[in-house]
K.L.:
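This is the structure I have questions about; it appears just below.
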Amino acid sequence: MERTYIMVKPDGVQRGLVGEIIKRFEQRGYQLMALELLHPTKEHLEEHYKDLAGKPFFPGLIEYMLSGPVVGMVWAGKEVVKIGRKMLGETNPLASLPGSIRGDFAIDVGRNICHGSDAVESAEREIALWFPRGVPEYKRDISVHGLIYE
């Protein structure tokens with residue numbers, strides 16, 4: 001099964017949306033593998049967002065991400081990277097459909113509630129960055145697994 005990294009950003013944590021986001025992924029059938037409330041350093045965030053370092057909004061992004069705790073999660077399941085991104089919605093919440101997390105809870109691109117890995121490779125890099133001790137494996141009860149997958 002594929003894994004992805006989903007992070008609830010400071011605005012989502014402060015607004016009390018962590019449970020709602022977990023609920024949506026669980027209701028979809030994805031398996032929560034790891035979860036932690038984190039207080040990232042500037043250096044950690046710069047490493048996470050290094051692909052955006054040259055963008056004019058980068059300093060503001062880092063400042064915003066330092067404004068409060070984040071919740072890092074690892075989810076597993078069939079095509080979880082692609083479907084997880086659809087569940088989050090577009091980066092710009094105003095372009096997100098109702099029913100998506102950003103479409104339901106966000107307005108401004110600079111306060112868009114959550115982050116989701118954009119590819120399997122970046123998911124594994126992000127998981128290693130945010131969960132350096134590793135992610136324990138566990139098998140779902142076969143009866144539950146059979147209700148989700150053919």
K.L.:
Kindly give the heavy-atom pair with the smallest separation between Thr4 and Ser117, and that separation in Å.
P.N.:
OG1-CB, 3.4 Å
K.L.:
At what distance, to the nearest 0.5 angstrom, does CG of Leu45 lie from CG of Leu129?
P.N.:
9.0 Å
K.L.:
Taking Arg85 for the side chain and Ala119 for the main chain, is one N or O donor matched with an acceptor at less than 3.5 Å?
P.N.:
no
K.L.:
Report the distance from atom CD of Glu43 to atom CD1 of Ile62, rounding to the nearest 0.5 Å.
P.N.:
10.0 Å
K.L.:
Quick one: OG on Ser96 to CE on Met87, what's the gap to the nearest 0.5 Å?
P.N.:
13.0 Å
K.L.:
According to a hydrophobic-cluster definition based on side-chain heavy atoms being under 4.5 Å apart (Ile, Leu, Val, Met, Phe, Trp, Tyr only), do Ile107 and Leu97 belong together?
P.N.:
no
K.L.:
Treating Ile, Leu, Val, Met, Phe, Trp and Tyr as nodes and any side-chain heavy-atom pair under 4.5 angstrom as an edge, say whether Val8 and Leu35 lie in one connected cluster.
P.N.:
yes
K.L.:
Indicate yes or no: at least one non-hydrogen side-chain atom of Cys114 is less than 4.5 angstrom from one of Ile101.
P.N.:
yes
K.L.:
May I ask you to test the Glu47-Arg125 pair for a side-chain heavy-atom distance under 4.5 Å?
P.N.:
yes
K.L.:
Can you list every pair that meets ring-ring contact (aromatic ring centres under 6.0 Å, His included) and has a residue in residues 5-41, with sequence neighbours left out?
P.N.:
Tyr5-Trp130, Phe25-Trp75
K.L.:
Sub-3.5 Å donor-acceptor pair from the side chain of Asn92 to the main-chain atoms of Val109, do we have one?
P.N.:
no
K.L.:
Where is the tightest heavy-atom contact between Asn112 and Asp11, given as atom of each residue plus distance?
P.N.:
N-OD2, 3.6 Å
K.L.:
Taking the side chain as every heavy atom from C-beta outward, state whether Pro69 and Gln14 have any pair of such atoms under 4.5 Å apart.
P.N.:
yes
K.L.:
Among all residues two or more places apart in sequence or in another chain, which pass the salt bridge (Lys or Arg N to Asp or Glu O under 4.0 Å) test with Lys42?
P.N.:
Glu46
K.L.:
Evaluate whether atom CG of Leu38 has more than 12 neighbouring non-hydrogen atoms of other residues, nucleotides or ligands under 6.0 angstrom away.
P.N.:
yes
K.L.:
Are Val71 and Ile22 close enough that some pair of their side-chain heavy atoms sits under 4.5 Å apart?
P.N.:
no
K.L.:
Backbone N or O of Val81 within a donor-acceptor pair of the Glu2 side chain at under 3.5 Å?
P.N.:
yes
K.L.:
Keeping Gln31 on the side-chain end and Tyr138 on the backbone end, is there a donor-acceptor pair under 3.5 Å?
P.N.:
yes
K.L.:
Can you list every pair that meets salt bridge (Lys or Arg N to Asp or Glu O under 4.0 Å) and has a residue in residues 95-116, with sequence neighbours left out?
P.N.:
Arg24-Asp104
K.L.:
Starting at CD1 of Ile127, measure out to CD1 of Ile6 and round the result to the nearest 0.5 Å.
P.N.:
9.5 Å
K.L.:
Can we say Glu26 and Lys23 salt-bridge, meaning some charged N sits less than 4.0 Å from an Asp/Glu carboxylate O?
P.N.:
no
K.L.:
Do Val18 and Ile113 sit in the same hydrophobic cluster, where Ile, Leu, Val, Met, Phe, Trp and Tyr count as joined when their side-chain heavy atoms come under 4.5 Å apart?
P.N.:
yes
K.L.:
Measure the spacing between CD1 of Ile21 and CE of Met73 and express it to the nearest 0.5 Å.
P.N.:
6.0 Å
K.L.:
If every non-hydrogen atom of Gly77 is compared with every non-hydrogen atom of Met1, which pair is closest and at what distance?
P.N.:
C-SD, 3.6 Å
K.L.:
Grab the two heavy atoms, one from Pro10 and one from Gly68, that are nearest each other, plus how far apart they are.
P.N.:
CG-O, 3.7 Å
K.L.:
Do the side chains of Leu17 and Leu37 join up, straight or via other hydrophobic residues, at under 4.5 Å, putting them in one cluster?
P.N.:
yes
K.L.:
Can you tell me how far CG of Leu61 sits from NZ of Lys55, rounded to the nearest 0.5 angstrom?
P.N.:
12.0 Å
K.L.:
Tell me, do Glu36 and Arg133 make a side-chain contact under 4.5 Å, heavy atoms counted?
P.N.:
yes
K.L.:
Grab the two heavy atoms, one from Val70 and one from Val13, that are nearest each other, plus how far apart they are.
P.N.:
CA-CG2, 4.0 Å
K.L.:
Is the number of heavy atoms from other residues, nucleotides or ligands within 6.0 Å of CD (Glu63) greater than 12?
P.N.:
no
